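Step one of this worksheet: look at the structure below.
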Amino acid sequence: MQAIHITHPDWLPALLAHQPSTLTDPTAQMALVLTLAEETVRQHSGGPFAAAVFTRADGQLLGAAVNRVGPSHCSLAHAEMLALASAQQRLGDDDLGRACPGGCVLVSSAEPCAMCMGAIPWSGVEALCCGARDSDVRAIGFDEGDKPENWVAGYAQRGITVTRDLLRPRAIAVLEHYAASGGEHYGPGAST
């Protein structure tokens, strides 16, 4: 049986090495995530999405990732999923809330798709910050799946706070650049 193998693009570690390892301001955290999304579009190394996990207490970067669905031939390789996995493996715990006193925040270049929406509560994060809206992602041709209209309220009931529209114009620009450059559309019913 073959092992699952998903890698970060070669440029990601070098780019992160030149960034602060601690960012306490949510806008600065989103700026880093959007820098990753912009670079993955520029490098043609995945879909136009990026995400990172930070500690809520001091803004320590625990994991960062970009979308790798196309390069890995794996529909699970969304940026949020990979950022969460990276943070969990770094901390040696599948529950980030348990592993990280003070909790963690997931910062994503766009609102979660249906798959990522299900994974976020199970990851143990206590906050989610999003750039682009679901409608912005759908506008460039991606299928985000069936999601409840009141997903933010559902997260609140689970103790997860949601901040939307953080640097949304810049996040939309990443999506539009991807679409204009002929980026691959993957997912249900996608025609490349």
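Small disclaimer: the values here were computed from a predicted structure and weren't measured.
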- Over all atoms of both residues, closest heavy-atom pair of Ile120 and Ser123: O-OG, 2.6 Å
- Which pair of non-hydrogen atoms, one from Val41 and one from Ser181, has the smallest distance, and what is that distance? CG1-OG, 4.4 Å
- Within the distance-only criterion (no hydrogens, no angle test), does the side chain of Asp165 pair as donor or acceptor with the backbone N or O of Arg168 below 3.5 angstrom? no
- Note on the structure: Distance col, row Leu32:CG vs Asp25:CG, nearest 0.5 angstrom, shows 12.0 Å
- Message: Using side-chain heavy atoms (C-beta onward) and a distance below 4.5 Å, is Ser45 in contact with Trp11?
- Response: yes
- Task: Scan side-chain atoms only and decide if Arg170 and Ser109 contain a donor-acceptor pair under the 3.5 Å cut-off.
- Result: no
- Item | Non-hydrogen side-chain atoms of Gln29 and Leu166 separated by less than 4.5 Å | no
- Task: For Ala50 and Ala37, work out which heavy atoms get closest and say how close.
- Result: CB-N, 3.5 Å
- Task: Enter the distance from Met30:CE to Phe54:CZ here, rounded to the nearest 0.5 Å.
- Result: 9.5 Å
- In terms of heavy-atom contacts, Thr22 and Asp58 come closest through CG2-O, 2.7 Å
- Query: Which distance, rounded to the nearest 0.5 Å, do you find between the CG of Leu62 and the CG of Leu96?
  - Reply: 7.5 Å
- Task: Determine, using the 4.5 Å side-chain heavy-atom cutoff (strictly less than), whether Leu36 and Val107 are members of one ILVMFWY cluster.
- Result: yes
- What are the two closest non-hydrogen atoms of Pro48 and Thr40, and how far apart are they? CA-CG2, 4.5 Å
- Task: Enter the distance from Asp136:CG to Glu144:CD here, rounded to the nearest 0.5 Å.
- Result: 10.0 Å
- Task: Would you mind telling me which of Glu38, Glu39, His44 makes a side-chain contact (heavy atoms from CB on, under 4.5 Å) with Arg42?
- Result: Glu39
- Message: Contact between Leu167 and Val33 at the side-chain level, heavy atoms closer than 4.5 Å - yes or no?
- Response: no
- Item | salt_bridge(Glu111, Arg133) N-O dist < 4.0 Å | yes
- Item | Thr161 side chain reached by Arg56 side chain, heavy atoms, under 4.5 Å | yes
- Query: How far apart are the closest heavy atoms of Ala99 and Asp93, and which atoms are they?
  - Reply: CB-CB, 3.5 Å
- Item | Cluster overlap Val105 with Ile160, hydrophobic side-chain contacts below 4.5 Å | no
- Query: Under a 4.5 Å cut-off applied to non-hydrogen side-chain atoms, are Val66 and Pro9 in contact?
  - Reply: yes
Let me have the donor-acceptor pairs involving side chains of residues 77-84, under 3.5 Å, with sequence neighbours excluded, atom names and distances please.
residue: His78; atom: NE2; partner: Ser75; partner atom: O; Å: 3.4
residue: Glu80; atom: OE2; partner: Ser108; partner atom: OG; Å: 3.1

- Query: Roughly how far, to the nearest 0.5 Å, is the CG atom of Leu106 from the CG atom of Leu128?
  - Reply: 5.5 Å
- Item | From His5 atom NE2 to Ser72 atom OG, the distance as rounded to the nearest 0.5 Å | 10.0 Å
- Hey, any chance Leu61 and Val53 share a hydrophobic cluster, counting ILVMFWY side chains that come within less than 4.5 Å of each other, even indirectly? no
Can you give each donor-acceptor pair under 3.5 Å made by side-chain atoms of residues 145-158, sequence neighbours left out, with the distance rounded to 0.1 Å?
residue: Lys147; atom: NZ; partner: Pro112; partner atom: O; Å: 2.5
residue: Lys147; atom: NZ; partner: Asp134; partner atom: OD2; Å: 2.8
residue: Tyr155; atom: OH; partner: Met117; partner atom: O; Å: 2.8

- Item | Contact check, side chains of Met115 and Leu76, non-hydrogen atoms, under 4.5 Å | yes
- Item | Derivation and outcome, ring-ring contact (aromatic ring centres under 6.0 Å, His included), residues Phe49 and Tyr178 | CA-CA 10 Å; Phe49 308 102; Tyr178 182 80; 7.4 Å; no
